[in-house]
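Comments concern the structure below.
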Amino acid sequence: TGLPLYTLIVLGISVAVSAIPEGLGASVSAALTVGMHRLLKKGILVKDLVSAETMASIDTILTDKTGTLTEGEMSMKEVFISEQGDLSEKDFLLYCFLASDVAYDFKHAQFVGDEMDIAIANRLEQSEFFNNTDIYEEFVNDYEVLKVRPFSSEKKFFAKLVRNKKDNTVFLFVKGAPEIILDSVGNLSPEEKEEYKILLHDEQDSESRFLGFGFRKIEGVPDIDSFDLNLQGLQFLGFASFLDPLKESVAEVLDIVKKMDLNLIMITGDSKEVATAVAQKSGLVVEGNNTCLEGKDIQNLSKEELYETMKDVKIFARVSPKDKLKIVETFIERGHRIAMTGDGVNDVLALSQADIGITFAKASEAAREAASLVLKKNDFTLILSAIDEARNIIKNIRKTVIYLLSSSFSEVIVIFGALVIGGPLPFLAVHILWANIVEEGLLNFAFIFGKNENDEHSGKMQSEIL
């Protein structure tokens, strides 16, 4: 070329600097950060940049029905009172209230606690027994809680030992899955138990959830530390049905899920009948399509057998935390990218194992720590918005990469072509560095602010960047 060696060395270094897109790392981080900021304004907290990128490749969502497909506002629908105690509905509701774990928030004038416990308290309030806070306080102050056994997915019941301060009598109140309570009570014959189970089965064909209630009077004042809160010798009180109505927008949400090419699967602790009824009414499954698998079935299958079995499954019912973890691990080991919702302590393992764990602002602290995404409210559309925005982030990153590579290699190709044909150099080193600073240093950031080009949630985009 006839050029001095010094000039060629400087030119070579300049070309090398130009060919390497130094601004790529900053552009990717900025694109993810901008996307996270947009999500935060919608009420979606993404904890880290990796999660923002991972969401773009999610292909399966494992979700509980409560608050996502349904309103998340439980109400007591019907009560079925045992004929063996001659209980009035008010007495039955009071026993149910004593078996619950609910408190009254005087500041916000509302009951707080488990959704079904709140429904029991609201029913008492509607029946005008708790028509003012003085009556509520007087009733609650008459009973001292001695010991509590929290509800667990394995045992499927909650127990509370209380003492009536007026006459110093002690009672054990229990609530739980109706079949567990019925199998444990001692004041019903096998024939009567079977009649109740038939009645329960007939009622569970709807989307209502059911709780069974029982109690036992304790003779004397027991040793609290050693007293075992078990189901032995219970007296049957009855059971109650609770209804959490479907959201009006559920059909539209499921349509968006289909357009986004996502596989939506319901995981719930409810019975198979209730879960199937909700799924069919929402349109998640077609009526008559047997796509429900219960926790007891999952436990007897290996992961290989489980994956083959659940290819067409859209509902998992009566699942325990171990079952949820096994489902998540099975999907991930087969190459799927999983997002899972959960709000309880029992969901922590599955939330941690999933590619994206999703919880809500009112969830337990342990669930919020384990999750990658925290939603301001329990709204399934926010999950779809997060995935859609993540796909848009990847789209913007790809635009940035294409722009940087095209601008960098165009200079290399022009200079290399000039050297091959023996022509004069089209650029000096200072020209190359100046173009590199202006084009790659500033203009590439314009792409990271790109918004979705379509209003509809559609199209599948993987997270691999070129």
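Look at Arg209 and Asp244 and you find no salt bridge, because none of the NZ, NE, NH1 or NH2 atoms lies under 4.0 Å from a carboxylate O.
Each of Lys197, Arg318, Lys272 was evaluated against Glu179; a single residue qualifies, Arg318, per the salt bridge (charged side-chain N to carboxylate O under 4.0 Å, His left out) test. With Leu69 as the fixed residue, the side chain to side chain contact (heavy atoms under 4.5 Å, CB included) test singles out one of Lys247, Lys281, Met266: Met266.
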Could you walk me through whether Asp48 and Met36 satisfy the side-chain contact (heavy atoms from CB on, under 4.5 Å) test, starting with their C-alpha distance in whole Å, then the side-chain angles of each, then the deciding distance to 0.1 Å, before giving a yes or no? CA-CA 9 Å; Asp48 51 64; Met36 290 170 66; 5.8 Å; no
Run the side-chain contact (heavy atoms from CB on, under 4.5 Å) test on Leu98 and Phe171 for me, step by step, so that the C-alpha distance in whole Å, both residues' side-chain angles and the decisive distance to 0.1 Å come before the verdict. CA-CA 10 Å; Leu98 289 171; Phe171 294 91; over 6 Å; no
side-chain contact (heavy atoms from CB on, under 4.5 Å) between Asn187 and Glu192, intermediate numbers included: CA-CA 10 Å; Asn187 65 330; Glu192 289 173 318; over 6 Å; no
Glu144 vs Lys165, test: salt bridge (Lys or Arg N to Asp or Glu O under 4.0 Å). Steps then yes/no. CA-CA 7 Å; Glu144 177 188 4; Lys165 296 179 182 178; 5.8 Å; no
Trace of the side-chain contact (heavy atoms from CB on, under 4.5 Å) decision for Lys395 with Lys399: CA-CA 6 Å; Lys395 189 187 298 181; Lys399 290 177 181 177; 4.2 Å; yes
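Note on ring orientation: taking the six-membered ring where Trp is involved, the planes of Tyr307 and Phe331 are perpendicular (angle over 60°, cut-offs 30° and 60°).
A donor-acceptor pair is defined here as one N or O able to donate and one able to accept, closer than 3.5 Å; no such pair exists between the side chain of Arg337 and the backbone of Ser57. For Thr63 (side chain) and Thr341 (main-chain N/O), no donor-acceptor pair under 3.5 Å exists by modelled atom type.
Residues Leu373 and Met55 are in side-chain contact: their nearest non-hydrogen atoms beyond the backbone lie under 4.5 Å apart. Inter-residue side-chain proximity for Phe316 and Thr268 is flagged as unmet; no heavy-atom pair is nearer than 4.5 Å. Looking at Asp379 and Phe360, their side chains never come closer than 4.5 Å, going by heavy atoms from C-beta outward. Side-chain atoms of Ser271 and Phe210, non-hydrogen and from C-beta on, never get closer than 4.5 Å to each other. Taking 4.5 Å as the limit, every side-chain heavy atom of Phe239 sits out of range of all side-chain heavy atoms of Ile181. Contact of the Leu382 side chain with the Ile358 side chain is not registered, since no non-hydrogen atoms from C-beta on lie closer than 4.5 Å. Residues Asp117 and Lys175 form a side-chain contact, since some pair of their non-hydrogen atoms from C-beta on lies under 4.5 Å apart. Residues Asn392 and Arg38 meet the side-chain proximity criterion, which asks for heavy atoms closer than 4.5 Å.
Taken to the nearest 0.5 Å, the OG1 atom of Thr330 stands 8.0 Å off from the CD atom of Glu304. The structure places CD of Glu329 at 7.5 Å from CD1 of Ile332, a figure rounded to the nearest 0.5 Å.
Ala366 meets the side chain to side chain contact (heavy atoms under 4.5 Å, CB included) test with Val345, Val348, Ser364; sequence neighbours excluded. For Thr359, the side chain to side chain contact (heavy atoms under 4.5 Å, CB included) partners are Asp343, Ala363, Ala367, Arg368, Ala371, Val374, not counting sequence neighbours.
Minimum heavy-atom separation, Gly113 to Ile118: O-CD1, 3.4 Å. Here the closest non-hydrogen pair linking Phe236 and Gly238 is CZ-CA, 3.4 Å. Closest approach of Val185 to Lys193, counting heavy atoms only: O-NZ, 3.1 Å. The two atoms that bring Ala159 and Val174 nearest to each other are CB-CG2, 4.0 Å, heavy atoms only. Nearest approach of Gln299 to Ser320, heavy atoms of both residues: NE2-OG, 4.4 Å.
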Expected list for residues 216-225: side-chain donor-acceptor pairs under 3.5 angstrom, two or more places apart:
residue: Arg216; atom: NH1; partner: Gln232; partner atom: O; Å: 2.4
residue: Asp223; atom: OD2; partner: Ser226; partner atom: OG; Å: 3.0

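Checked against the 6.0 Å centroid threshold, Phe215 and Tyr95 count as a close aromatic pair.
No donor-acceptor contact under 3.5 angstrom links the side chains of Asp388 and Ser385, judged on distance only.
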